[in-house]
Amino acid sequence: MRKELEKNYDPSQFEDRIYKSWCDSNYFAPDPDRTKPAYSIVIPPPNVTGQLHMGHALDQTLQDILIRTKRMQGYSTLWVPGTDHAGIATQIKVEENLRVNEGLTRYDLGRDKFLERVWDWKNKFGDRIISQLKKLGSSCDWSRERFTMDEGCSRAVREVFVNLYNKGLIYRGHRIINWCPHCLTALSDAEVEYKEMPGNFWHIKYPIKGEDGFVEIATTRPETMFGDTAVAVNPNDENTKHLIGKTLILPIVGREIPVIADDYVEIGFGTGCVKITPAHDPNDFLVGQRHNLEQIKVMNDDATMNSYAGKYEGLDRYVCRKALVSELLEKGYLVKTAEHTHNVGVCYRCGTTVEPLTSDQWFVKMKPLAKPAIEAVENGSVRFVPERFSKNYFNWMNNILDWCISRQLWWGHRIPAFYCESCSHMEVSKEDICVCPKCGGRMRQDEDVLDTWFSSALWPFSTMGWPDNTEDLKRYYPTSTLVTGYDIITFWVSRMIFSGIEHTGKKPFSTVLIHGLVRDAQGRKMSKSLGNGIDPLKIIESYGADALRFALATGNAPGNDMRFSDEKIEAARNFANKLWNASRFVLMNLTEDDGTLLGIDFSDANLAVEDKWIISEYNRLIKTVTDNIDNFEIGVALSEIYSFTWDKLCDWYIEMVKSRIFESGTESALCAKRVLVYVLTGVLKLLHPYMPFITEEIYQALPHTAESIMISDYPLYDEKKIFAKDEENVNRIIACITAIRSRRSEMNVPPSKKAKLYVVTKYKDAFLATEKILMKLASASELILLDEYTSDDAVMIATDLGSLYIPLAEVIDFEKEKARLGAEMKKNDAEIERLEKKLNNAGFVAKAPTEVVEAERAKLQKYLETRESLTVALNKLK
RNA sequence: GGAAGGUUAGCUCAGUUGGGAGAGCAUCUGCCUUACAAGCAGAGGGUCAUAGGUUCGAGCCCUAUACUUUCCACCA
């Protein structure tokens with residue numbers, strides 16, 4: 001029994017129901033048929049405690065469009081879902097919660113108790129994001145849902161860590177790293193953002209030992225002078241050369257430091273003399289290494305000063321800075337203070353200014369890993385869409401430094417390194433080690449955890465069971481397409497590429513489809529602090545998931561940011577409504593015995609010219625949509641479906657066949673109905689990947705062969721279903737009807753007023769084939785085909801079909817009509833002149849492709865015909 | 001400092017190998033025409049940022065300039 005469609009389109013009535021039916025039917029699981037080609041995607045795992053935002057919605061929509069298309073096209077599709085533990089972000093959230101609700105810190109609870117709390121949190125909110133993804137219609141295989149800290153992924157992490165360590169690609173070292181004094185952890189270079197901030201250049205005198213003079217240095221961070229272990233000058237700088245080798249006395253501190261030569265110092269910048277603080281500046285650190293300088297750390301982990309700062313010990317770095325500057329001023333060491341804006345690194349999670357400092361951390365040696373990963377993109381094995389983002393990638397990968405992977409957090413994968421408490425022997429191992437293999441002493445595991453992105457980097461294969469060579473891995477890895485935003489190319493995409501190549505010997509995916517950010521209606525980034533975020537769930541509630549998906553998938557080019565506005569979502573909803581109503585029309589006219597009439601035979605001689613027209617147009621649509629999807633031009637494909645559905649199917653075809661359909665019982669009516677069902681079903685299929693719910697709801701109400709539209713066959717382009725001649729004829733009539741309507745409207749003829757229509761045409765076939773349509777849609781009371789129209793009481797309309805005359809004597813102002821025709825003639829003549837000039841241009845005719853020249857000739861022909869008609873009409877008015 | 005985008009209708013944006021510019025929204029004029037007023041039929045509105053160049057032909061390719069966004073680098 002067929003279902004009826006409700007009178008009004010109300011997605012909330014069916015979206016959840018349909019989603020459940022898909023799940024119950026297990027349609028999201030990959031087809032086990034081994035003969036089908038594989039197509040796979042892994043989800044960019046959202047933060048486990050995060051809330052769905054527009055970025056997710058866009059990301060999900062694009063992936064689902066690809067997956068659903070491929071599934072219908074006969075691929076065995078796998079879309080692996082899951083979530084990320086998001087180390088710092090989650091830990092901060094739980095700590096904040098703990099502080100607000102219980103006034104406790106994580107240290108009050110201790111590591112184990114605290115981690116229990118985080119797991120509680122994860123279990124409580126971990127399902128929320130997943131259920132939100134489902135609201136969007138995502139066709140992920142939920143039975144394969146993964147979490148970066150589940151057993152399998154954790155095993156992969158250990159495997160990778162140990163392998164890299166054994167290859168010498170992971171090492172522990174004392175290096176300068178980015179330290180967040182708020183999160184109390186090291187950060188990788190990628191996790192530091194730079195913000196422009198106003199600051200000062202303080203010029204300070206460093207007295208020269210044994211002389212009266214001094215050296216003037218300029219610094220933006222005077223408080224680090226407690227850690228100065230040299231002053232550097234450029235050996236080629238004539239102005240400062242003489243200082244090399246001298247000894248300086250640090251003001252206030254009194255410690256002696258040397259003047260060294262290093263070409264890191266830029267000649268002509270500042271005073272030419274640079275204080276060197278190896279423990280608190282990345283560049284100074286390198287200078288220190290070159291010159292064997294001592295590293296003096298002057299701050300504690302929370303960015304308060306330590307004992308090296310003498311009486312400033314315990315003060316915050318900025319409080320210290322202020323006090324120190326006053327003291328320097330008092331004592332005459334401060335030469336001047338200049339304003340200076342500079343970029344300051346801040347923690348990407350909490351925004352605190354990071355402190356570069358030396359510390360013992362774990363690193364991944366990047367150069368050897370980066371090389372094959374760069375090559376993979378260079379040789380096209382991994383392809384970015386749009387292509388320009390590969391430049392982004394190269395820029396990062398070519399300049400990459402070693403990756404600091406240890407974090408002083410509790411939430412994350414604990415580093416599998418074990419230290420002996422007795423003999424300090426260290427072992428790195430996949431299994432826990434309790435007893436020292438050297439001395440039998442007790443081993444304790446490294447306190448630190450790994451950077452969240454360390455596990456994300458393994459996501460494409462860890463989710464498929466690696467390091468075991470599972471069936472999934474064999475069948476679905478490497479994955480086909482990765483869909484993500486350009487903002488995490490460095491964080492995530494690049495790391496997946498080198499990890500995949502290193503650990504599986506294969507690239508993790510073939511294509512990286514990059515999308516932009518979803519911004520608010522004013523173009524601002526959506527953010528919590530601005531409070532301008534738009535909640536996708538609210539949008540779904542009031543407009544439906546299909547409308548949201550439509551709004552996100554259309555109207556912007558790949559990789560570009562897009563603005564989300566009410567207008568856009570309303571337009572999307574209106575389209576859904578249009579489709580809904582058109583479908584209702586089709587269904588209303590579907591008599592019971594039509595129910596089996598699918599798969600219409602197109603050799604059927606009963607097909608009217610307009611039937612062939614819409615079938616041809618539909619067939620062309622299939623090609624356009626398929627081609628565009630193949631090129632990842634998802635938005636273009638969708639707008640093609642949109643304009644076909646609205647402009648061709650609804651505005652023309654349905655209007656054209658209405659009168660036929662109402663002649664019930666005739667073969668002609670039946671035929672139109674068959675075509676309607678055929679074309680509508682086809683459009684629904686093409687549209688299904690974009691708007692899965694509404695298309696399914698309508699599909700179920702139509703006569704259908706597949707259980708669900710989502711597992712039905714995707715339409716295929718068929719050259720035999722292009723009826724070029726009929727298309728041409730119908731297009732002529734369409735142009736004709738439009739011209740008539742336009743003239744009537746100009747002349748304020750009410751739509752209800754019908755008028756005789758005289759037609760003078762050399763396209764008699766086209767006219768005869770479409771007579772009825774012309775009559776109805778052009779509001780004609782009678783059609784009269786003539787060889788020549790002789791009276792002068794009619795409005796003449798020059799069209800592609802020929803000259804049309806509407807006798808509307810009472811509304812014609814002859815002078816006005818003459819003027820109008822004259823103006824039209826002038827415009828027409830201008831076109832003729834332009835085309836003749838072009839066609840008389842020997843260069844054009846010789847060099848342009850013949851089809852272009854032919855097209856121009858045809859146009860000229862048309863304008864010449866129009867001139868004839870206009871001339872006749874004008875002569876009559878004289 | 002390096003790099004990549006953007007500049008097209010009043011607004012937001014498309015424009016896929018170069019062949020006389022499109023959509024949605026907004027505006028104006030008519031319509032409750034038996035699927036749809038979340039609709040129908042018409043209409044107006046653009047020196048495609050500027051200046052050069054290549055070409056028979058440039059919104060599209062090249063060079064320069066202006067304004068703008070983003071990424072990377074950089075706390076002397």
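Proteins come first, then strands; the chains are lettered A, B, ... in the order of their sequence lines, and each starts at number 1.
- When heavy atoms are screened at a 4.0 angstrom cut-off, A/Arg834 is found touching base atoms of the nucleic acid.
- As judged by a 4.0 angstrom heavy-atom cut-off over every strand, A/Val233 is placed among residues making no nucleic acid contact.
- Using a 4.0 Å cutoff on non-hydrogen atoms, the parts of residues 837-847 of chain A near RNA chain B are A/Asn841, A/Gly843, A/Phe844, A/Lys847, ordered by number.
- Side-chain atoms of A/Glu655 come within donor-acceptor range of the base of B/rA35, with a qualifying N/O pair under 3.5 Å.
- Looking at heavy-atom distances under 4.0 Å, A/Asn343 makes contact with a base.
- One finds no salt bridge joining A/Glu355 and A/Lys297 here, because no Lys/Arg side-chain nitrogen approaches an Asp/Glu carboxylate oxygen to under 4.0 Å.
- Remark: P of B/rC13 and CZ of A/Phe564 are 14 Å apart, rounded to the nearest angstrom.
- Comparing B/rA14 with B/rG53, their C1' atoms sit 28 Å apart, to the nearest whole Å.
- For A/Asn395, counting side-chain heavy atoms from C-beta on, the closest listed nucleotide (B/rC75, B/rA76, B/rC72) is B/rC72.
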Show me the donor-acceptor pairs within less than 3.5 Å that the side chains of residues 744-751 of chain A make with the rest of the protein, sequence neighbours left out.
unit_1   : atom_1 : unit_2   : atom_2 : d
A/Arg744 : NH1    : A/Lys753 : O      : 3.2
A/Arg744 : NH2    : A/Pro750 : O      : 3.1
A/Arg744 : NH2    : A/Lys753 : O      : 2.3
A/Glu746 : OE1    : A/Arg743 : NH1    : 2.9

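- Note on A/Asp284: nothing from the nucleic acid sits closer than 4.0 angstrom, heavy atoms only.
- The side-chain contact (heavy atoms from CB on, under 4.5 Å) check on A/Glu663 picks up A/Thr666, with sequence neighbours excluded.
- Only the P atoms considered, B/rU63 is 33 Å distant from B/rA23, to the nearest whole Å.
- The side chain of A/Val636 approaches B/rU16 more closely than any other nucleotide in the set B/rC36, B/rU16, B/rC74.
- A/Arg388 is linked by a salt bridge (Lys or Arg N to Asp or Glu O under 4.0 Å) to nothing, counting only residues two or more places apart in sequence or in another chain.
- Between A/Phe389 and A/Tyr486, the ring planes are parallel. Angles under 30° get that label, and only those over 60° would be called perpendicular.
- Atoms CG (A/Leu680) and C1' (B/rA35) sit 11 Å apart, rounded to a whole Å.
- Using a 4.0 Å heavy-atom cutoff across all strands shown, A/Phe389 reaches no nucleic acid atom at all.
- Here side-chain hydrogen bond (donor to acceptor under 3.5 Å, both in side chains) pairs that include residues 562-572 of chain A, with residues two or more places apart or in two chains, number zero.
- A/Glu640 meets the salt bridge (Lys or Arg N to Asp or Glu O under 4.0 Å) test with no other residue; sequence neighbours excluded.
- Dashed line: the shortest gap from a side-chain N or O of A/Asn283 to OP1 or OP2 of B/rC75 is under 4.0 Å.
- The gap from the C1' atom of B/rA51 to that of B/rG20 amounts to 23 Å, rounded to the nearest Å.
- The aromatic rings of A/Trp646 and A/Tyr642 lie tilted to each other, with the angle between the two planes from 30° to 60°.
- No more than 12 heavy-atom neighbours from other residues, nucleotides or ligands sit within 6.0 angstrom of CD on A/Glu339.
- Phosphate contact (OP1/OP2 of B/rA35, side-chain N/O of A/Lys658, threshold under 4.0 Å): present.
- To the nearest angstrom, C1' of B/rA76 lies 13 Å from CD1 of A/Ile257.
- Of the residues A/Asp630, A/Thr624, A/Thr626, the one that meets the side-chain contact (heavy atoms from CB on, under 4.5 Å) test with A/Asn628 is A/Thr624.
- For A/Phe662 and B/rU33, the CZ to C1' distance is 11 Å, given to the nearest whole Å.
- Nucleic acid contact for A/Pro750: none, since no nucleic acid atom lies under 4.0 Å from a heavy atom of the residue.
- A/Ala848 comes within 4.0 angstrom of a base, heavy atoms only.
- Dashed line: the shortest gap from a side-chain N or O of A/Tyr194 to OP1 or OP2 of B/rC74 is under 4.0 Å.
- Heavy atoms of A/Val265 sit under 4.0 angstrom from at least one base atom.
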For nucleotides 3-12 of chain B, list the nitrogen or oxygen atoms of the protein found under 3.5 Å from its nitrogen or oxygen atoms, one pair per line.
unit_1 : atom_1 : unit_2   : atom_2 : d
B/rU12 : O3'    : A/Arg563 : NE     : 3.2

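- Closest contact between the side chain of A/Arg519 and the listed nucleotides B/rU70, B/rG19, B/rA35 involves B/rU70.
- The distance between atom CG of A/Leu638 and atom P of B/rU16, rounded to the nearest whole Å, is 18 Å.
- A salt bridge is defined here as a Lys NZ or Arg NE, NH1 or NH2 lying under 4.0 Å from an Asp or Glu carboxylate O, and A/Lys837 with A/Glu833 fails to meet this definition.
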For residues 839-847 of chain A, dump all side-chain donor-acceptor pairs below 3.5 Å to protein atoms at least two apart in sequence or in another chain.
unit_1   : atom_1 : unit_2   : atom_2 : d
A/Asn840 : ND2    : A/Glu836 : O      : 3.1
A/Asn841 : OD1    : A/Gly843 : N      : 2.8
A/Asn841 : OD1    : A/Phe844 : N      : 3.3

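- The cationic atom of A/Lys658 (NZ for Lys, CZ for Arg) lies less than 6.0 Å from the six-membered ring centre of A/Phe585 and within 45° of the ring axis.
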Between the protein and nucleotides 39-41 of chain B, which nitrogen or oxygen pairs come in under 3.5 angstrom?
unit_1 : atom_1 : unit_2   : atom_2 : d
B/rG39 : OP1    : A/Asn574 : ND2    : 3.2
B/rG39 : O3'    : A/Lys578 : NZ     : 3.1
B/rC40 : OP1    : A/Lys578 : NZ     : 2.9
B/rC40 : OP1    : A/Trp646 : NE1    : 2.6
B/rA41 : O3'    : A/Arg741 : NH1    : 3.2

Ignoring hydrogens and angles, write down the donor-acceptor pairs under 3.5 Å from the side chains of residues 259-273 of chain A, residues two or more places apart or on other chains.
unit_1   : atom_1 : unit_2   : atom_2 : d
A/Asp262 : OD1    : A/Tyr264 : N      : 2.9
A/Asp262 : OD1    : A/Arg290 : NH2    : 3.2
A/Asp262 : OD2    : A/Arg290 : NE     : 3.0
A/Asp262 : OD2    : A/His291 : NE2    : 2.8
A/Thr271 : OG1    : A/Glu216 : O      : 2.6
A/Thr271 : OG1    : A/Cys273 : N      : 3.3
A/Thr271 : OG1    : A/Cys273 : O      : 3.3

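- Stem analysis of RNA chain B (at least three stacked-register Watson-Crick or G-U pairs, each with both distances under 3.5 Å) gives B:1-7 with B:66-72, B:10-13 with B:22-25, B:27-31 with B:39-43, B:49-53 with B:61-65.
- Two rings, from A/Phe491 and A/Tyr348, have their centers less than 6.0 Å apart.
- At the heavy-atom level, A/Ala557 lies under 4.0 Å from the strands shown only through sugar-phosphate atoms.
- Considering only residues two or more places apart in sequence or on other chains, A/Asp284 meets the salt bridge (Lys or Arg N to Asp or Glu O under 4.0 Å) condition with none of them.
- Among the atoms of the strands shown, base atoms are found under 4.0 Å from some heavy atom of A/Glu266.
- Between the CG atom of A/Asn178 and the P atom of B/rC72 there is a distance of 13 Å, rounded to whole Å.
- For A/Glu856 and A/Ala218, each mapped to the nucleotide of RNA chain B holding its nearest heavy atom, the one lying further toward the 5' end belongs to A/Glu856.
- Note: NZ (A/Lys195) to C1' (B/rC75) measures 14 Å, nearest angstrom.
- Separating the CG atom of A/Leu187 from the P atom of B/rC75 is a distance of 16 Å, rounded to the nearest angstrom.
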